[in-house]
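Data block below; observations after.
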Amino acid sequence: MNFKIAVKHSWNKLRLYLSLLLFIFYLIIGILFLFTDIWDDFLSRGKEIIGIILILFGVLRLYIAYRRYTQKHKHIKVQSFQKKKELIKERKNVKNESE
């Protein structure tokens, strides 16, 4: 059995936008760790390291999501081109059979 899920263009964009929102979330939390005193009583040492790690993790997630988006976008374009090609071929076959 071969199960394949067809990823549509709109879902691919939605995934990219959600990844962008996560990047913004990690960026904000990382900046809060780096430049504010919000977590001083909870975490007196190591806030800078945590802030840098959160920002770098957000950048990594955005990079991976963008690469995934571009690969899926190319795949969607190739599939749509192949479908159009098959439809044209079928129309030619039907046209030839009717003559």
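This is a predicted model, so every value here is computed, not measured.
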For residues 18-30, tabulate all N or O donor-acceptor pairs below 3.5 Å that involve a side-chain atom, not counting sequence neighbours.
{"from": "Ser19", "atom 1": "OG", "to": "Arg15", "atom 2": "O", "distance (Å)": "3.1"}

Please table the atom pairs, donor to acceptor, closer than 3.5 Å between any side-chain atom in residues 52-61 and protein atoms at least two apart or in another chain.
none

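The salt bridge (charged side-chain N to carboxylate O under 4.0 Å, His left out) contacts involving residues 17-38 comprise Asp37-Lys47, where partners must be two or more places apart or lie in separate chains.
Contact of the Tyr69 side chain with the Lys13 side chain is registered, since non-hydrogen atoms from C-beta on lie closer than 4.5 Å.
Under the 4.5 Å side-chain heavy-atom criterion for grouping Ile, Leu, Val, Met, Phe, Trp and Tyr, Ile38 is connected to Ile31 within one hydrophobic cluster.
For Thr70, the side chain to side chain contact (heavy atoms under 4.5 Å, CB included) partners two or more places apart in sequence, or in a different chain, are Tyr66.
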